[in-house]
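Since the structure comes first, as structure tokens, the remarks are kept for the end.
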Amino acid sequence: MSAAMQGMDSAGPNASTNGNAKTSSNTSPNANREAFLKRIADKLGRPTPRVAPSILPSTSARALQGDIVIRTGAKNCIDLLISRFQSQGGKAVYANSMDVILDVLKETKEKHNLQQAILWDDARIASLGLSDELNRLDISVTSDPMSADMGITFAEWGVAETGTFAIYNRPNKPRSVSLVPNIYIILVRETSVVPTMNYVLDDMSKIADADGLPSCVNLIAGPSSTADIELELVIGVHGPAYVTAIILGKDLLQG
Amino acid sequence: LSNEHTNTFYDRVEESLADPNKRKTMGRVQDLFKAKKQVVFEELGNIDDWKHEAAEIKQHTIEWLDTYLSEFADKVEGLGGHVYFALNAAEATDYVVNLARAKQVKTVVKSKSMVTEEIGLNEALEQAGVEPIETDLGEYIVQLAHEKPSHIIAPALHKTKQDIADLFSSISGQTMQPDTHELAEYARRKLRPRFFAAEMGISGCNFGVAETGTIVLVTNEGNARLTTTFPKTHVVVMGMERLVPRMRDLDAMLQVLPRSATGQRTISYITAITGPRRPGEVDGPEELHVVIVDNGRSNLLESEYDEALRCIRCGNCYNVCPVNRNIGGHAYGGVYAGPIGSILMPMLTDLDSWKELPSACTLCGACTEACPVEIPLHHYLLKLRRDIVDEVGSGFAERSVFKFYGKVTGNPKLYDKSVKMAGKIARTIFGKKTTRIKKAPGAFGKWTESRDLPMPATQSFREWWEKEGSKE
């Protein structure tokens, strides 16, 4: 560990040490970057190419895999999403009416003595009138994630193959809502369910081109869990222990 | 690089073998992983296509590493993040320590990161009066016990529930039961407030996406999410080879990593971080610093071991290795253990300090078969033995023995004579009725320390053949 201890007293976060490496400058981070990249180019035995490679590795495994619904024998993507998410410790329901959503909320309230919920400020959630429904169930709506027992967010995508929901965090749609409360409810539109992860990755790549990639995207596939003690599964070690996904059927989709 | 082992490899192996709990746990872990993995690999159908795709993407990235690092750094900076290129461990730890000082950081919450273990970041922070808190449950246990991780995926696997209950009891002052749920609950309660109080969060990086400057973290617990959501400053420490070119390249990576690492189809949380918090956002770090670490990795670029840089740190090679099953991760003595550690440790530092590791391998090839990015692990281990003999040499005694052996086996008469002689000598010393020698003298003593030595046969095969073989 002694090498790591050298030069501890140098000043400024960008300062580098003499160590045993040849750094050309102690002040400019750019000089540091150049030296670093040059060393790689030297070891690779060529100058750093000025243009990006034109031939990229193929991503053909997905095509070779075949249709995921046919291969798994599932009825459709929605069924596969539900069964896979449940097999990973989450709960998932398909809702074609508001009653199904209310049943989930009532059941959760009874089981966990729900007091407070936090919701994303999201037009899709607002259009369901969820705040009013929560109040009617005697669950107050808070803006403080620390005091909430339940968080509700929307998901941009549901991924059938891996039972995953893609959460795009944005202003008014904070990361902590899906993270801090012990109970978490995900809403997703039926029309946003895709068979496989490449659809989500392509979307992220596309919106990044327009500077629209959120600072944080969460791909959530189950409750927080650990197996660090003797490989025994424990649910809810740091994040939500109870996760329910509600897939909103066509009749619940407006606008 | 952490080079701190003071005892020899053989001492460490002795120590591990003497601990029956450790061996039992490792065996159980390997069997459990094997069963879980089989299900999720079969479910995928065409696992070989996915492995091959993952291998090709990583290999391509290594061959264009400087180009992709440039693109990645430009993107991160374009989003308002800071990028620092650290040639070695000292540069990396200095940068983080100085940043912590400048921001008057008192505590740092950390999510699991092997590269921070590699560069000795916790020790450097402690020296500077900053408290680093490991928040991955396994890492938290190992840190409280003042130990080192024994496994890259499950760092505290060498400890039993009772060990952990004793540890937590001694710290909390209350008696805790060896109940997994109770122990995990205790850790959650203890750690939650630390995430909100810490001024800095430090994470590793499973994948960096060059085209978008995105940092991808793959976790089950959610501690990495807390680490990257609440502290004002987020520092990412990443090995320089963590990149993939495009977002879509993650498809294959995310298929093979959880399956190989924990036997899961996917993982609870895949977190993709692109730059610091944006205007209007209420959580996420205000500052994002990405420290890209070489620290010996470029040694591999020009070597015939470059494919080892494809490694995605899944630990699958640990889990299938019969040697690791018996000696456990700690016996290897380095941050990286198992088959990949036996390649990385000598290649990242020097051959001499780690010269025993490549020989701690039966060449069974299970690791190569298990590797999700097609690293020819056991072929590399064999090559490394050759390199070690070439560079480090093999000692006078070993050379003399092989010279003598070569002479004897090269001459039929001499060979016959020595075989007969060995039998005679052995029977004189150990008696005619002995079939297995329990304690042998001299150089053979090393052998009988751990197993019996069979007695030389009363007649050699050649003698037997002359008498019996001719009857046919």
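FYI, side chains are in, hydrogens and waters are out, and symmetry mates aren't considered; it's all heavy atoms of this structure. To find a chain, count down the sequence lines: A is the first, B the second, and so on, and within it residues start at 1. None of the values given here were measured: they were computed from a predicted structure.
Contact record, A:S176 with B:F230: CB-CZ, 3.8 Å, taken as the closest heavy-atom pair. Here the closest heavy-atom approach between residue B:P276 and residue A:S215 is recorded as O-CB, 3.6 Å. Closest of all the heavy-atom pairs between A:V234 and B:A184 is CG1-CB, 3.6 Å. Residues B:P279 and A:P171 come closest through the heavy atom pair O-CG, 3.6 Å. Closest non-hydrogen pair, A:R39 versus B:L87, comes out as NH2-O, 3.2 Å. Taking all atoms of both residues into account, the shortest heavy-atom contact from A:N32 to B:E91 is ND2-OE1, 4.0 Å.
Distance check, rounded to the nearest 0.5 Å: CE of B:M253 to CG of A:L201 gives 11.5 Å. A distance of 5.5 Å separates CG of A:L231 from CZ of B:F33, quoted to the nearest 0.5 Å. Taking NZ from A:K43 and CG from B:L301, the interatomic distance works out to 8.0 Å, rounded to the nearest 0.5 Å.
Ranked by heavy-atom pairs under 4.5 Å with chain B, the list A:K173, A:M146, A:K38 is led by A:M146. Chosen from B:D48, B:V282, B:T214, B:V29, the residue pairing most often with chain A at heavy-atom distances under 4.5 Å is B:V29. Between chain B and the residues A:L213, A:T59, A:T162, the most heavy-atom pairs under 4.5 angstrom are made by A:T59. For the set A:N218, A:I220, A:L179, the count of heavy-atom pairs under 4.5 angstrom toward chain B peaks at A:L179. Top candidate by heavy-atom pairs under 4.5 Å with chain B, chosen from A:P240, A:G66, A:G90, A:P214, is A:P214. Top candidate by heavy-atom pairs under 4.5 Å with chain A, chosen from B:I273, B:V209, B:L137, is B:L137. Contact count versus chain B (heavy atoms, under 4.5 Å) is highest, among A:R62, A:R50, A:M204, for A:R62. Comparing B:G280, B:G222, B:S268 by heavy-atom pairs within less than 4.5 Å of chain A, the highest count is held by B:S268. For the set A:P174, A:A227, A:G239, A:S225, the count of heavy-atom pairs under 4.5 angstrom toward chain B peaks at A:S225. With chain A as partner, the option from B:R277, B:R297, B:R248 having the largest number of non-hydrogen pairs under 4.5 angstrom is B:R248. When each of B:A73, B:A54, B:A86 is checked for heavy-atom pairs under 4.5 Å with chain A, B:A86 comes out on top. Contact count versus chain A (heavy atoms, under 4.5 Å) is highest, among B:Q59, B:H158, B:E43, B:M240, for B:E43.
Using a 4.5 Å cut-off on side-chain heavy atoms (C-beta onward), A:S60 and B:D49 make no contact. Looking at A:F36 and B:L69, their side chains come closer than 4.5 Å, going by heavy atoms from C-beta outward. Side chains of B:Q255 and A:M197 form no contact here, defined as non-hydrogen atoms less than 4.5 Å apart. Contact of the B:T25 side chain with the A:E230 side chain is not registered, since no non-hydrogen atoms from C-beta on lie closer than 4.5 Å. With a 4.5 Å cut-off on side-chain heavy atoms, B:D66 and A:P49 count as touching. Between B:E63 and A:L44, the closest side-chain pair of non-hydrogen atoms is not below 4.5 Å. Residues B:M247 and A:D202 form no side-chain contact, since every pair of their non-hydrogen atoms from C-beta on lies 4.5 Å or further apart. Two residues are said to be in side-chain contact when any heavy atoms from C-beta on lie closer than 4.5 Å; B:T266 and A:Q88 meet this criterion.
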Start with the C-alpha distance between A:R71 and B:N46, add both sets of side-chain angles, then the distance that settles side chain to side chain donor-acceptor pair (under 3.5 Å), and finish with yes or no. CA-CA 11 Å; A:R71 232 171 38 75; B:N46 57 336; 5.8 Å; no

Please assess A:R175 against B:T271 for the test side chain to side chain donor-acceptor pair (under 3.5 Å), listing each intermediate value before the final yes or no. CA-CA 11 Å; A:R175 309 171 189 200; B:T271 307; over 6 Å; no

With side-chain contact (heavy atoms from CB on, under 4.5 Å) as the criterion, how do A:Q65 and B:L44 come out once you've worked through the C-alpha distance, each side chain's angles and the decisive distance to 0.1 Å? CA-CA 8 Å; A:Q65 184 189 36; B:L44 198 50; 3.7 Å; yes

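A donor-acceptor contact closer than 3.5 angstrom links the side chains of B:R265 and A:S87. Judged by distance alone, the side chains of A:S205 and B:E211 do bring a donor and an acceptor atom under 3.5 Å apart. A donor atom on one side chain and an acceptor atom on the other are found under 3.5 Å apart for B:R225 and A:S178.
Within the 4.5 angstrom heavy-atom criterion, no atom of B:K75 approaches chain A. Residue B:L288: no heavy atom, backbone or side chain, is found under 4.5 Å from chain A. For A:I167, no part lies near chain B; criterion is any non-hydrogen pair under 4.5 Å. For B:L226, the parts lying near chain A are the backbone and the side chain together; criterion is any non-hydrogen pair under 4.5 Å. Heavy atoms of A:N169 lying under 4.5 Å from chain B belong exclusively to its backbone. Looking at B:A154, both its backbone and its side chain come within 4.5 Å of chain A, counting heavy atoms on both sides.
A distance-only check finds no donor-acceptor pair linking the side chain of B:R246 to the backbone of A:L56 [under 3.5 Å]. With B:E221 contributing its side chain and A:V237 its backbone, the two residues share no donor-acceptor pair below 3.5 Å. Side chain of B:E53 to main chain of A:A61: a donor-acceptor pair is present (N/O by atom type, distance under 3.5 Å, no hydrogens or angles). Distance alone, capped at 3.5 Å, is enough to place a donor-acceptor pair between the B:R192 side chain and the A:V180 backbone. A:R33 places a side-chain N or O within donor-acceptor distance of the main-chain N or O of B:S70, the cut-off being under 3.5 Å.
The aromatic rings of A:H238 and B:F195 sit perpendicular to each other, their planes meeting at more than 60°, with 30° as the lower class boundary.
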